[in-house]
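In what follows, a structure is listed as structure tokens, so that the remarks can point back to it.
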Amino acid sequence: MPLYHVNIKWGKEKYTKVECNTDETPILFKSTLYSLTGVVPERMKVMVKGAIIGDESWDNIKNLKNNVTMMMMGSATELPDEPAEKTQFIEDMSESQVNQAADYPPGLHNLGNTCYMAATLQCLKTVPELKDKLLSSEGRFSRQSVVGSEGVCAAMKQLYGDMDATSEPITPFVMVKMLHLAIPRFAEKGEGGVFQQQDANECWTELMRMMNEYLPGEGSTSTESVRKSFIEQYFGGENKTVLKCGESSDEPETVSIEKWTQLRCHINTDVRYMQLGLTMGLKENIEKHSQTLDRNAVYEKTSLVNRLPGYLTINFIRFFYKERENINAKILKDIKFPLSYDAFELCSDELKNKLKPMRDRFEELRQRNIEKELSAKDIPMKKDKNKEEKKDVKYASSSFDDDIGSNNSGYYELQAVLTHQGRSSSSGHYVAWVKQRPDHWIKCDDDRISYVKDEDILKLSGGGDWHVAYTLLYGPRKLELPESEEDTEKTPAAVPTEPQEMQL
């Protein structure tokens with residue numbers, strides 16, 4: 001069918017010589033009428049000689065010719081108001097504006113090989129209890145507290161407060177100064193007067209030591225609790241260790257309790273997964289003096305975890321000293337680690353029994369979710385947006401009632417990764433990767449902040465010169481309470497029951 005010029009009568013309005021190409025679908029013709037009248041095609045009815053023009057075909061329209069008059073009905077929609085704020089595109093935004101719009105945390109400027117400190121602080125900031133404890137502490141700068149634990153904790157308090165108040169990158173002058181005063185070897189300079197690179201996990205360990213000295217524990221201050229420090233409560237684990245002499249069956253076994261704030265993942269030719277490296281670290285042979293034999297003997301040391309902290313830190317033993325080259329060389333081997341981790345197999349029988357009740361509740365929840373999925377497949381249901389949006393989700397406590405800061409299930413979720421890129425601990429570059437919400441991670445590369453996904457995090461397992469996981473921080477997996485249990489659940493006051501997006 002050819003191209004026609006028709007007339008359109010719409011109420012009191014009349015449009016002449018409007019092009020009507022019947023080789024195209026009627027919806028395109030209606031789009032032309034929309035441009036003239038403002039009536040959207042969905043509200044438009046067009047008739048010619050009593051026949052209604054559809055959207056897809058002209059088949060029911062007969063004897064169409066030039067100058068024919070078509071009747072159109074429909075009300076024009078009002079044009080939307082001009083937005084109060086002009087639309088701003090990401091290409092036109094500054095870096096700080098992009099961070100604010102995307103709800104990214106502020107980065108930290110590098111003051112000369114201070115990436116080890118920046119990466120450590122970004123990872124630790126993901127622990128909401130620790131950040132709140134620092135911000136509520138009485139730490140402040142004074143002549144007596146310039147050097148030492150209080151000065152460093154006061155600097156951390158100030159820095160975390162500043163980071164919560166802005167999306168602009170921050171220059172951590174005070175933090176660097178306090179750290180250098182507390183740990184003078186971190187202030188050593190190399191050629192050109194630039195600070196030397198330091199080991200990020202050593203910085204992590206030192207910060208933990210100083211916070212352990214300064215931050216008091218949560219809950220009762222009575223002698224009932226053996227854990228007086230906040231760090232011991234939330235980051236401290238305990239191993240039940242058995243020491244057995246391999247050269248004398250007459251010497252009795254020695255049982256002791258060892259405390260730690262990090263589990264170590266040992267790496268050798270057989271280790272390909274984190275779990276095996278952790279298991280290897282719980283069993284070793286040591287040489288010590290035997291009172292029975294009155295000489296040095298080889299002992300078999302076997303450890304099992306007897307207390308799990310709420311936040312589990314795992315350090316990959318990737319560096320070893322090369323005497324010939326006088327450097328801490330790096331093991332680049334690919335060691336896989338999980339986003340969700342179950343520490344149950346590392347535990348003593350005593351702790352396994354204590355973990356079982358909460359693990360049973362997690363299994364019940366998993367079974368309920370499976371049943372819901374199967375029911376949804378069998379009976380298609382309309383989505384109710386009001387029901388989908390859970391406003392007041394409650395969570396069970398992730399700690400034992402009598403042990404604040406512990407983990408009562410053995411289940412963990414990865415929330416921060418500290419990586420190293422380079423060939424030795426005294427060179428290269430450190431970066432923090434912190435979880436903001438499911439499948440949404442933030443790469444904190446000094447003052448450069450960017451978004452990555454779960455798949456990018458799993459690529460940090462090693463095997464090349466890319467960023468390699470050096471220290472992992474796992475947080476407790478939260479158990480969502482059914483509505484029937486929300487009112488009866490007992491939760492220690494120190495443990496948050498409504499975790500939202502990760503605090504960065």
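Under the salt bridge (charged side-chain N to carboxylate O under 4.0 Å, His left out) criterion, the residue pairs touching residues 456-470 are R423-D465, with sequence neighbours excluded.
Between the side chains of S424 and S427, at least one donor N or O sits under 3.5 Å from an acceptor N or O. Judged by distance alone, the side chains of N408 and S399 never bring a donor and an acceptor atom under 3.5 Å apart. Q415 and T126 are linked by a side-chain donor-acceptor pair at a separation below 3.5 angstrom, with hydrogens and angles left out of the test. A donor and an acceptor atom, one from each side chain of Y430 and Q421, are nowhere located under 3.5 Å apart. Under 3.5 Å, the side chains of Q367 and E363 contain a donor-acceptor pair of N or O atoms.
K443 forms no cation-pi arrangement with Y451, by the criterion of a distance under 6.0 Å to the ring centre and an angle within 45° of the ring axis. With F400 as the aromatic partner, K354 meets the cation-pi criteria of under 6.0 angstrom to the ring centre and within 45 degrees of the ring axis.
Ring-plane geometry between F319 and H420 is classed as perpendicular, the angle between the planes exceeding 60 degrees on a 0 to 90 degree scale with a lower cut at 30. Relative ring orientation between H467 and W433 is described as perpendicular, the plane-to-plane angle rising above 60° on a 0-90° scale split at 30° and 60°.
Applying the 6.0 Å contact sphere to NZ of K336 captures no more than 12 heavy atoms from other residues, nucleotides or ligands.
In this structure, H266 has its ring center at least 6.0 angstrom away from the ring center of F316. If you look at F362 and Y411, their ring centroids are closer than 6.0 Å. Between Y341 and Y474, the distance separating the two ring centers is shorter than 6.0 angstrom.
Under the 4.0 Å criterion applied to side-chain N and carboxylate O atoms, K30 and D55 are assigned as salt-bridge partners. Ion pairing between E413 and K478 fails under the 4.0 Å rule for side-chain N and carboxylate O.
Partners of K9 according to the salt bridge (charged side-chain N to carboxylate O under 4.0 Å, His left out) rule, which considers only residues two or more places apart in sequence or in another chain, do not exist here. E345 meets the salt bridge (charged side-chain N to carboxylate O under 4.0 Å, His left out) test with no other residue; sequence neighbours excluded.
Within the 4.5 Å cutoff, no side-chain heavy atoms of M73 are placed close to those of V46. Taking the side chain as every heavy atom from C-beta outward, M156 and L207 approach each other to under 4.5 Å. Using a 4.5 Å cut-off on side-chain heavy atoms (C-beta onward), V18 and N7 make no contact.
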